[in-house]
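Computed from a predicted structure; not experimentally measured. Scope of the values below: all heavy atoms of this structure, side chains included, with no hydrogens, waters or symmetry mates.
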Amino acid sequence: MNIKLLRIDSRLIHGQIANNWVNTVGVQTMIAVSDQAAHDDIRKTLLLQVGKENTKTFVLDLAKMMRVYNNPKYKDLDALVVVESPPRTSSD
């Protein structure tokens with residue numbers, strides 16, 4: 001997978017990302033990575049509805065994102081990835 005843009009945004013997917021960043025970066029795939037959002041059906045549904053028709057939109061938990069990222073099937077996929085916050089270290 002080619003991550004063309006990694007954005008930290010607590011809102012994950014919203015109009016600015018769906019309408020501006022996707023076009024600016026030139027990707028057809030948006031991935032929101034959030035354990036909480038991926039396991040909350042209402043929030044996940046709302047995030048998926050923000051994506052444009054010609055853009056594939058996914059809401060994945062971190063474990064699934066890592067499987068997708070490391071899967072050779074997706075090696076040529078260009079994606080915009082949004083996370084809620086930077087990763088925490090064990091000392092945080």
Side-chain angles (χ1 to χ4, degrees):
M1 175 182 298
N2 301 311
I3 298 177
K4 303 288 268 187
L5 176 68
L6 175 63
R7 181 177 169 93
I8 299 171
D9 191 323
S10 62
R11 299 167 292 174
L12 293 172
I13 300 171
H14 51 84
Q16 180 183 6
I17 291 173
N19 294 311
N20 296 336
W21 283 107
V22 166
N23 293 333
T24 300
V25 177
V27 297
Q28 289 76 40
T29 304
M30 285 190 301
I31 303 172
V33 181
S34 167
D35 290 342
Q36 293 80 16
H39 297 105
D40 179 336
D41 290 337
I42 294 172
R43 186 170 179 206
K44 183 175 181 177
T45 299
L46 292 171
L47 289 169
L48 292 172
Q49 289 177 350
V50 177
K52 297 177 1 181
E53 281 186 27
N54 61 344
T55 304
K56 295 178 184 174
T57 306
F58 301 93
V59 179
L60 306 176
D61 62 31
L62 182 57
K64 186 164 187 176
M65 176 59 188
M66 294 312 300
R67 288 193 305 272
V68 170
Y69 182 78
N70 290 309
N71 188 333
K73 177 180 174 182
Y74 302 109
K75 69 179 175 98
D76 295 324
L77 178 71
D78 292 335
L80 181 155
V81 176
V82 185
V83 298
E84 290 180 297
S85 62
R88 296 181 180 212
T89 63
S90 58
S91 63
D92 286 347

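Residue pairs that meet the salt bridge (charged side-chain N to carboxylate O under 4.0 Å, His left out) test with at least one member in residues 47-59, sequence neighbours left out, do not exist here. Note on residues 1-11: pairs passing salt bridge (charged side-chain N to carboxylate O under 4.0 Å, His left out), not counting sequence neighbours, are Arg7-Asp9, Asp9-Arg11.
Once rounded to the nearest 0.5 Å, the distance linking CG of Asp35 with CG of Leu62 reads 6.0 Å. Here the CG atom belonging to Asn23 is positioned 7.0 Å from the OG1 atom belonging to Thr55, to the nearest 0.5 angstrom. To the nearest 0.5 Å, atoms CD1 (Ile13) and OG1 (Thr57) are separated by 5.5 Å.
Contact detail for Leu12 and Ser34: the closest heavy-atom pair is CD1-CB, 3.8 Å. Closest heavy-atom contact between Met30 and Gly51: CE-CA, 3.7 Å.
Neither Leu77 nor Leu80 shares a network with the other; the hydrophobic side chains, linked directly or stepwise wherever heavy atoms of I, L, V, M, F, W or Y lie under 4.5 Å apart, form separate groups for each.
Asp40 is linked by a side chain to side chain donor-acceptor pair (under 3.5 Å) to nothing, counting only residues two or more places apart in sequence or in another chain. Scored by the side chain to side chain donor-acceptor pair (under 3.5 Å) test, Asn2 finds Asp78 as partners (sequence neighbours excluded). Scanning for side chain to side chain contact (heavy atoms under 4.5 Å, CB included) contacts around Leu60 gives Ile31, Phe58, Lys64, Met65, Val68, with sequence neighbours left out. A search for salt bridge (charged side-chain N to carboxylate O under 4.0 Å, His left out) contacts involving Arg43 returns Glu84, not counting sequence neighbours. In this view, Asp61 and His39 satisfy the side chain to side chain donor-acceptor pair (under 3.5 Å) rule, not counting sequence neighbours.
Side-chain contact between Val83 and Leu6 is present, with heavy atoms from C-beta onward closer than 4.5 Å. With contacts defined as side-chain heavy-atom distances shorter than 4.5 Å, the pair Leu48/Val59 qualifies.
Using modelled atom types, no side-chain atom of Asn54 and backbone atom of Gln28 make a donor-acceptor pair closer than 3.5 Å.
Each of Val81, Val33, Ile3 was evaluated against Tyr69; a single residue qualifies, Ile3, per the side-chain contact (heavy atoms from CB on, under 4.5 Å) test.
Here Leu46 sits in one hydrophobic cluster together with Ile42; the rule is ILVMFWY side chains under 4.5 Å apart, joined directly or through other members.
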